[in-house]
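Heads up, the thing below is written out as structure tokens.
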Amino acid sequence: MPVIKATTKNIRKAAALLREGGVVAFPTETVYGLGADGTDPGACARIFEIKGRPRFDPLILHECSAARAGKLFSRVPAPARRLMRRFWPGPLTLVLPKSAAIPDIVTSGLRTVAVRVPANPVARALIKAAGRPVAAPSANRFGRLSPTTAAHVRRQLGEGPDLILDGGRTSIGVESTIITFRSGRPVLLRPGGLPLEDIEAVAGKASAPEPGGDKNPAAPGCLKKHYAPKVRLRIIAGPEGIKPSRRAAYLAFSKRPAGRWKASAVLSPSGDLREAAASLFAALHRLERCGAAVIYAERVPARGLGRAIMDRLKRASA
Ligand code: TXA
Ligand code: MG
């Protein structure tokens, strides 16, 4: 499982591997994906094996243009069409009725499919050269922290993928926002890299999915406990009342905590939620490896990308 730089030549090599049924990890603007030919059920099956992901949790199909992506759906409501025009390529995934050609393993047998057009130039070049939709979940072990660098992928998936394309650190740092539609109205399945405010300005007010619980969740992969670091994580309002300890780690939003900690990280010294999202997973990867027994993580404002950050922290603490 070589890690290779995402040069033009290596992207071509990775695309050839995908066409032969191989599994390739690659950067997107959100997190690294673990990709396979989305028209090849055998190749998609390998994604589930490598991730240790249950088969009921469907994959996202990635396309290199909105025109090609639109063909993967059998029906697109008008507000979804507007979102596609406005935000693709970008960190938005749409879940809509699937076209007949998509294999069942991609959608876990559902009648809908999740599709997005990534903005990262390596991802787009790879998908274009592969000449087919690329199925790709985040390139982590199931339920663990998402990868924002090639090193994160390698540490979790080891010899699993046939190739890891190293395109540097991802720019957005949290997964895409997932939107579906009910009766023509948007429903937020997962807060992510595209702020909900931007989506609502184009498609109208979004609702929360009907609660199905962990047995029958609206988004099958959105289990309560997910994105979990290996050590316990506790969400706190701030440093007040928390005693510094050499056995604990501290994840701050904007201000370095006083006192001596096993390790600490500041997500954004200027208090910028975009910057905080971009550094979130790298900080959590580092803190989970520092040997602390617990990570204290500060709340961030729940607006813009703060919604996605709080969502990931809550799942990590569940
Ligand atoms: O930013 C991202 O979205 C990254 C990059 C690699 O594109 N991908 C990603 O994939 O986060 P994954 O598989 O880790 O998360 C996709 C989520 C899962 O929770 C899955 O259950 C949900 O999308 N999903 C996929 N198809 C669905 C469908 N038809 N209906 C509802 N949820 C679906
Ligand atoms: Mg994931």
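Both ligands and their constituent atoms are indexed starting at 1 by order of listing. Sequence positions, counted from 1, serve as the residue numbers for this chain. Bear in mind the structure is a predicted one, so any value in this text is a computation, not a measurement.
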Inset, instruction - Check ligand 1 against Arg53 and write out every atom of the ligand that is under 4.0 Å from a heavy-atom position of the residue. - result: 12 (P), 13 (O), 14 (O), 18 (C), 20 (C)

I'd like a table of donor-acceptor pairs (distance under 3.5 Å, sequence neighbours excluded) in which one partner is a side-chain atom from residues 89-105, with atom names and distances.
residue, atom, partner, partner atom, Å
Thr93, OG1, Ser176, OG, 2.7
Lys98, NZ, Ile102, O, 2.9
Ser99, OG, Leu72, O, 3.4

Legend entry - Salt bridge Asp40-Arg132, side-chain N to carboxylate O under 4.0 Å: no

Legend entry - Hydrophobic cluster identity match, Val300 and Tyr250, side-chain contacts under 4.5 Å: no

Side chains of residues 193-209: which donor-acceptor pairs under 3.5 Å do they make with residues two or more places apart or in other chains?
residue, atom, partner, partner atom, Å
Glu197, OE1, Arg307, NH1, 3.2
Glu197, OE2, Gly304, N, 3.0
Glu200, OE2, Ala206, N, 2.8

Inset, instruction - Using 2.8 Å as a strict upper limit, say whether an N, O or S atom of Ser138 approaches the Mg ion (ligand 2) that closely. - result: yes

Inset, instruction - Measure from atom 25 (C) of ligand 1 to every heavy atom in Pro58, Gly33, Gly35 and give the option owning the shortest one. - result: Pro58

Legend entry - Where ligand 1 meets Thr112 - atom numbers and elements under 4.0 angstrom, heavy-atom basis: 28 (C), 29 (N), 30 (N)

Inset, instruction - Look at Arg312 together with Glu175 and state whether they make a salt bridge at an N to O cut-off of under 4.0 Å. - result: yes

Inset, instruction - Measure the distances from the heavy atoms of Ile178 to every atom of ligand 1 and state whether one is below 4.0 angstrom. - result: yes

Inset, instruction - Give the numbers and elements of all ligand 1 atoms closer than 4.0 Å to a heavy atom of Glu175. - result: 1 (O), 2 (C), 11 (O)

Legend entry - Those atoms of ligand 1 less than 4.0 Å from some heavy atom in Leu110: 28 (C), 29 (N), 30 (N)

Legend entry - Shortest heavy-atom approach to atom 3 (O) of ligand 1 - which of Ser176, Ser138, Pro27, Pro147: Ser176

